[in-house]
Amino acid sequence: QVHLVESGGGSVQAGGSLRLSCEVSGHSVSRNCLAWFRQAPGKEREGVAVIARDGWTDYADSVKGRFTISKDNAENTLYLQMNSLKAEDTAMYYCAAALRPVCISTRYTRPTDFNDWGEGMQVTVSS
């Protein structure tokens, strides 16, 4: 059984940084496509960043240049480094794992592409 547990969320002022972590058990982060999604109140869940088995990454246009997705295979943990945070980054953030090794662009990826999810954590950016 796969479990994903997020940590690192919280409140920060605009321009600040946060590092989100997602500890994975029952599944190796080295094997398949992993992602970070977010969902703001009243909006659909959207893909923020993806990382494939071979390390290929892709980002939503809204976070490109500010966020970095990475993984530590030894620690079996997924990360999202978020810099230059903006008020519009405020949302619940979720990590997710797929059953396939390749990822598609965040422009086209959908929550239904992923099989396992963390419970989510709040990120609030105050302006």
Distance-only donor-acceptor pairs under 3.5 Å for side chains of residues 9-20, two or more places apart:
{"from": "S17", "atom 1": "OG", "to": "N83", "atom 2": "OD1", "distance (Å)": "2.9"}

Just wondering, do Y79 and D72 contact through their side chains at under 4.5 Å, heavy atoms? yes
In Å and rounded to the nearest 0.5 Å, what is the CZ to CG distance from R31 to N76? 10.5 Å
Would you confirm whether the ring centroid of F67 sits within less than 6.0 angstrom of the ring centroid of W36? no
For E46, check side chain to side chain donor-acceptor pair (under 3.5 Å) against everything at least two apart and list the hits. R38
Decide yes or no for F37 and E44: does some side-chain heavy atom of the first lie under 4.5 Å from some side-chain heavy atom of the second? no
Does Q81 CD have over 12 foreign heavy atoms under 6.0 Å away? yes
Looking at R66 and S84, would you say the former's side chain and the latter's main chain have a donor-acceptor pair under 3.5 Å? yes
Do the side chains of K86 and D89 get close enough for a salt bridge, i.e. N-O under 4.0 angstrom? no
Sub-4.5 Å side-chain heavy-atom contact between M82 and Y93: yes
V29 side chain reached by N73 side chain, heavy atoms, under 4.5 Å: yes
N32 and H27, any side-chain heavy atoms less than 4.5 Å apart: yes
Indicate yes or no: does R107 engage D58 in a salt bridge with an N to O separation below 4.0 Å. no
Which distance, rounded to the nearest 0.5 Å, do you find between the SG of C103 and the CG of D54? 8.5 Å
With rounding to the nearest 0.5 angstrom, report the CD to OG distance, E23 to S7. 6.0 Å
Counting C-beta onward and ignoring hydrogens, is there a side-chain heavy-atom pair between V50 and T57 closer than 4.5 Å? no
Could you tabulate the donor-acceptor pairs under 3.5 Å formed by side-chain atoms of residues 120-127, not counting sequence neighbours?
{"from": "Q122", "atom 1": "NE2", "to": "T124", "atom 2": "OG1", "distance (Å)": "3.3"}

Sub-4.5 Å side-chain heavy-atom contact between Y94 and C22: no
Please check if the side chain of E6 supplies one atom and the backbone of C95 the other of a donor-acceptor pair under 3.5 Å. yes
Walk me through it: do D113 and R110 pass the test salt bridge (Lys or Arg N to Asp or Glu O under 4.0 Å)? CA-CA 5 Å; D113 295 332; R110 296 293 179 266; over 6 Å; no
Distance under 6.0 Å and angle within 45° of the ring axis: does R100 meet both against F114? yes
Minimum heavy-atom distance T106-G47, with the two atoms named: CB-O, 4.3 Å
Output the distance between atom NZ (K71) and atom OG1 (T77), rounded to the nearest 0.5 Å. 12.0 Å
To the nearest 0.5 Å, what is the distance between CG on L34 and CD1 on I51? 7.0 Å
Distance in Å, L80 CG paired with T68 OG1, rounded so as to fall on 0.5 Å steps: 8.0 Å
